[in-house]
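Report on the structure given below.
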Amino acid sequence: MARAHKQGLSDAEAAADLTAAPEAIAAELPPALAAQTLGEYVRAWGSRIRSGDSGVLPVIVGLVVIALVFQAISPGHLYLSPGNLVNLFQQSAVFMVLAMAEGFALILGEIDLSVGYIGACGAAITVQLVQPVTTKWPWWAAIIAGLLFCAIFGTIQGTLITRLRLPSFIVTLAGFLIGNGLMLIILLLGPFSGFPSISGIDENQHVLYNLMWAAIDPTLSWIGAGVLVAAFGAWIWLSDSRRRRSGLVAPPPSLTLIKVGLIAVAALVVVAICNINRANLGTLEGVPWVIPIVLGVLGAWTILLTRTKYGRYVYAIGGNPEAARRAGINLGVIRTVAFALCSVTAGIGLLLYASYTGAMSSSVNGGSLVLYAVASAVIGGTSLFGGRGKPLHGVIGGLVIGAIYNGMYLQGLAVQYQFIVTGLVLIAAVTIDSLSRRGSLSGSVGRI
Amino acid sequence: MTAAVAEPLATDEPLLKVRELDKHFGPVQALYHVDLDIPSGQVTALVGDNGAGKTVLTKCLAGIYVPDHGQTYWEGHPVHVRSARDASRLGIETVYQDLALADNLDIVQNMFLGRERTTNGLLDEDGMERAAKETLAGLRVTTVRSIRQPVASLSGGQRQSVAVAKAVMWNSKLVIMDEPTAALGVVQTKMVLDLIRRLRDRGLAVMVISHNLNDVFEVADRIAVIYLGRLVVQDKASVFDRQSVVEYMTTGGLSRTGGARA
C-alpha cells in the first residue's frame with residue numbers, strides 16, 4: 001500500500017520524502033497538539049495529566065468531591081441548597097477577584113503581598129465618598145476614585161520594583177504595612193467611628209450594597225445567560241472552524257461542540273439555581289449582580305492576557321526575561337503596568353468585600369486575604385514560578401477556597417480549623433505545581 | 001597575509017567585510033587588526049581557542065559591542081553598526097548559544113516575540129501561525145508536528161531549529177550562530193548541520209562559531225581562525241586539514257613547511 005503510494009509520487013517528491021524521514025525519527029513528540037480527532041484529543045489529554053499540565057478539569061473534579069463530602073456531612077444536607085450555593089459564590093467572589101489580581105504578579109514570576117490592604121484602601125475611599133452625611137459623591141465617581149488610588153499605589157510599587165530593582169516581596173510587604181496604616185486613617189475620617197456603612201437607605205450608596213446583594217430579574221437572567229452563551233459559543237465555533245479551514249492547529253469539531261455544550265450546561269445550572277427562591281421569608285431570586293461582575297473581570301483580563309501584545313509580553317517575561325529583553329520588549333513598562341493592574345483588580349475585589357459585609361471597618365484582614373488570593377490562584381493552576389497561569393485559574397481556585405470555607409462554616413467548625421484545612425489544601429496545590437514542573441522538565445530532558 | 005589569501009574567493013564583493021577591526025577592554029586588547037570576509041551563499045566557520053576573541057568579534061558584528069577602530073562594509077558600502085537594532089535592520093541576525101526562547105510560549109509565539117502582528121489591537125494569531133508554518137516548511141523543519149506546542153517540550157535540535165527559523169524570518173541576509181551544536185547529540189547535530197546547509201543553499205551568509213572541528217569540516221565552506229585576538233588565517237575549507245587548523249588555533253601559525261594539503 002505504502003509502496004504503491006510512493007510510486008505515485010514524482011521523483012522529486014519521493015526524494016524530499018526520503019530526506020525528511022531520518023529527521024522524523026528524532027521527533028519524540030508530545031501527543032498533545034498534533035491530535036486531529038476526538039479520540040486522539042482524549043489520549044493527548046490523558047498524557048498531559050500524567051505530565052502535570054492538566055488544565056482546570058482536575059480542579060473541577062476536586063471541587064465536585066468537596067461539594068459531595070460537605071453535602072453528605074452538612075447539617076440537614078444544606079450545603080447544596082440553592083440559598084447556600086448562591087451564598088457560597090458570593091463569599092468566593094472576593095477570593096476570585098483577588099486571585100485574578102495576584103495572577104498578574106504570579107505570571108511575571110513576582111508576588112504582590114499588598115493586594116489585601118491596597119484594595120481595602122480603595123474600597124474605604126469609595127465607601128467614605130458615597131456617605132450621604134459627608135461627601136455625597138455619586139457611586140460611580142466614588143468607585144473610580146477608589147480604583148484610581150489603587151492604580152497609583154500599584155504604579156509606585158511597580159516603579160520601585162522595576163527602576164530600583166528592589167525585590168517585589170519586600171516592596172509589596174512595605175506596601176502591605178503602609179496600606180494597612182492608610183486604610184485605618186481613611187476609615188477614621190468623618191463621623192463614623194471607623195465604621196462607614198453602605199447598608200443604609202440612601203439610594204446612591206445602596207448601589208454599592210447591591211453589587212453583592214441585589215439580583216437580576218429571573219427572566220432577564222435567562223435572557224442574559226442565553227445571549228452570553230450564544231455569543232461566546234458562536235465566537236468559539238466560528239474561530240475554530242476558520243482555523244480548521246485554513247489548515248491551522250485547531251480542535252476537531254466534536255471537541256468544539258463539547259466545549260460550547262459544557263459552557264451552555266454550566267450557564268443553565270447556575271441560572272436555574274439562582275432563579276429558585278432562596279429567601280426564608282418573601283422572595284429572593286435571580287442571578288446576583290456579582291456573577292456578571294466577576295465574569296466581566298474574567299473576560300477583560302483573559303482578553304488582555306491572551307489576545308494582546310501586552311499579555312504576550314507578560315507571559316514572555318515570566319517565562320524568560322532575557323529572551324523578552326532581546327526581543328526588544330520594554331520590561332520595565334510591562335512589569336509596572338502589571339503591578340498597577342494587580343492593584344486595581346484588588347480594589348474591585350475589596351469593593352465586593354465591602355458590599356458583602358455592608359461596610360468597611362478595621363476588621364478587614366488584608367494579611368489572610370492576600371494569602372487566600374495566592375492560594376486561590378495556585379490551587380486553580382497558576383504557577384508560583386512564573387510564566388504559567390490564567391485569570392480562569394483564579395476564579396476556579398477562589399471557588400475551591402470558598403467551598404471549603406463555606407462548608408466548614410456550616411459544620412460549625414471554629415476558624416482555627418478552617419485555617420488548617422485551607423493550609424493543607426494550599427500545600428497540596430503547590431506540591432502538584434512543583435511536581436508537575438519537575439515532571440515536564442524531566443520529560444523534555446528525556447526527549448533531547 | 002590574511003587579506004591576500006582571501007582574495008581569490010572574492011569574485012564579487014563579500015556580503016560583509018571588516019577591515020582592521022580593533023577592540024580593547026581597558027588594557028586588554030581583545031581584537032587586533034582583524035580582517036574578515038563573509039560571502040553570501042557560504043558557511044564561514046570561525047574557530048579559535050577559548051579566549052581567542054571569537055565572542056568579542058561576533059558581538060562586534062552583531063552590534064552588541066562597538067569596535068574602537070576599523071571599518072565595516074555591508075554589500076560593499078561602509079556602515080556603522082552601533083546596536084543590535086542597527087544590525088537587524090541591515091539583515092544580521094544572531095542565534096546565541098542560550099537561544100533566548102521563552103519555554104512557556106509555543107513555537108509561533110516565540111518566532112514572533114517582540115514583532116507580533118495585530119489587527120484592531122488584538123493579536124493576529126492565524127496570520128502569524130501561517131507565516132511561521134511557511135518559514136519552518138521552507139527550512140524543512142519537519143520534525144515539529146505541531147507549531148502550537150510549547151518550546152519546553154522540544155528537543156535541543158528542535159529548539160535550535162526554532163531559534164534559527166526565528167532569525168531567518170525577517171529577511172535576514174547573514175545569520176551568525178554561536179556554538180549551534182554544543183549541547184546536542186548525534187542525530188540532533190546532524191539535523192542542525194542540515195539546517196545550516198539549507199540556509200546556505202537559500203543564498204544566505206552563515207557564520208558559525210564552533211569548537212567542534214568535526215562539525216566545522218562537515219559544514220563549512222570557509223574557515224577563519226582567530227588566535228589571541230588576531231585573525232591568523234581565512235580560506236576555503238578544502239585548504240585545511242584537522243591538524244593545520246589545530247595548529248593555527250594553538251600557535252597562530254604553521255610550523256611545517258608547505259602547509260596542509262594545499
Side-chain angles (χ1 to χ4, degrees), chain A residues 16-17 19-35 51 53 107 239 242-243 246-250 303 306-313 315-330 383 385-389 437 440-441 443-448, chain B residues 64 84-85 88 94 96 98-110 112-118 121-130 133 140-159 161 163 166 183-188 190-191 194-195:
Chain A
D17 205 28
T19 47
E23 293 170 21
I25 299 167
E28 191 63 52
L29 277 166
L33 288 138
S51 73
D53 179 22
I107 295 170
S239 67
R242 191 183 63 238
R243 290 175 63 80
S246 44
L248 302 174
V249 176
I303 289 172
T306 60
R307 303 277 156 188
T308 67
K309 275 190 176 193
Y310 174 78
R312 180 64 44 85
Y313 296 165
Y315 283 105
I317 293 170
N320 187 346
E322 185 55 31
R325 188 174 295 116
R326 286 199 209 147
I329 295 169
N330 188 333
S383 173
F385 307 99
R388 225 152 38 103
R437 265 178 68 84
S440 62
L441 224 63
S444 69
V445 167
R447 274 191 285 279
I448 288 175
Chain B
I64 310 282
R85 206 171 281 266
S88 64
T94 311
Y96 291 98
D98 62 5
L99 302 182
L101 299 173
D103 272 355
N104 56 332
L105 300 184
D106 66 33
I107 296 175
V108 181
Q109 293 171 340
N110 263 294
F112 276 90
L113 190 59
R115 315 190 222 199
E116 286 83 359
R117 291 184 194 170
T118 54
L122 297 182
L123 294 170
D124 175 18
E125 292 286 351
D126 295 8
M128 288 193 280
E129 187 171 330
R130 231 173 278 131
K133 212 171 159 184
R140 301 242 303 278
V141 179
T142 50
T143 64
V144 179
R145 223 187 299 157
S146 167
I147 57 176
R148 282 298 180 184
Q149 65 193 87
V151 163
S153 68
L154 298 180
S155 71
Q158 288 171 331
R159 296 165 67 94
S161 305
K166 181 182 175 184
L184 302 182
V186 178
V187 182
Q188 302 287 342
K190 184 184 172 310
M191 190 172 128
D194 285 344
L195 184 59

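In the text below, chain A, chain B and the rest are named by the order of the sequence lines, each starting its count at 1.
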Worksheet entry | Minimum heavy-atom distance A:Ser246-B:Arg130, with the two atoms named | OG-NH2, 3.9 Å

Worksheet item: Can you say whether A:Ile317 sits under 4.5 Å from chain B via the side chain, the backbone, both, or neither, judging by heavy atoms?
Response: neither

Worksheet entry | Side-chain donor-acceptor pair present, A:Tyr315, B:Gln109, cut-off under 3.5 Å | no

Fill in: chain A contact via B:Leu101 - side chain, backbone, both or neither, heavy atoms under 4.5 Å
backbone

Worksheet, complete the sentence: Residues B:Leu123 and A:Lys309: closest non-hydrogen pair is CD2-N, 3.8 Å

Discussion item. Can you tell me if B:Arg85 has over 12 outside heavy atoms packed within less than 6.0 Å of its CZ?
Written reply: no

Fill in: Contact origin within B:Asn110 toward chain A - heavy atom pairs under 4.5 Å
neither

Fill in: Selection from B:Ile147, B:Leu105, B:Asp126 maximising heavy-atom pairs under 4.5 Å formed with chain A
B:Asp126

Worksheet item: Can you say whether A:Leu248 sits under 4.5 Å from chain B via the side chain, the backbone, both, or neither, judging by heavy atoms?
Response: both

Discussion item. Under a 4.5 Å cutoff for heavy-atom pairs, which residue among B:Lys166, B:Glu125, B:Arg115 has the most contacts with chain A?
Written reply: B:Glu125

Discussion item. As an exercise: rank A:Arg242, A:Glu322, A:Arg326, A:Arg325 by heavy-atom pairs under 4.5 Å with chain B and give me the winner.
Written reply: A:Arg326

Discussion item. Checking A:Thr306 now: which residues fulfil side chain to side chain contact (heavy atoms under 4.5 Å, CB included) with it, not counting sequence neighbours?
Written reply: A:Thr302

Discussion item. Are the side chains of B:Asp103 and B:Arg159 in contact, using a 4.5 Å heavy-atom criterion?
Written reply: yes

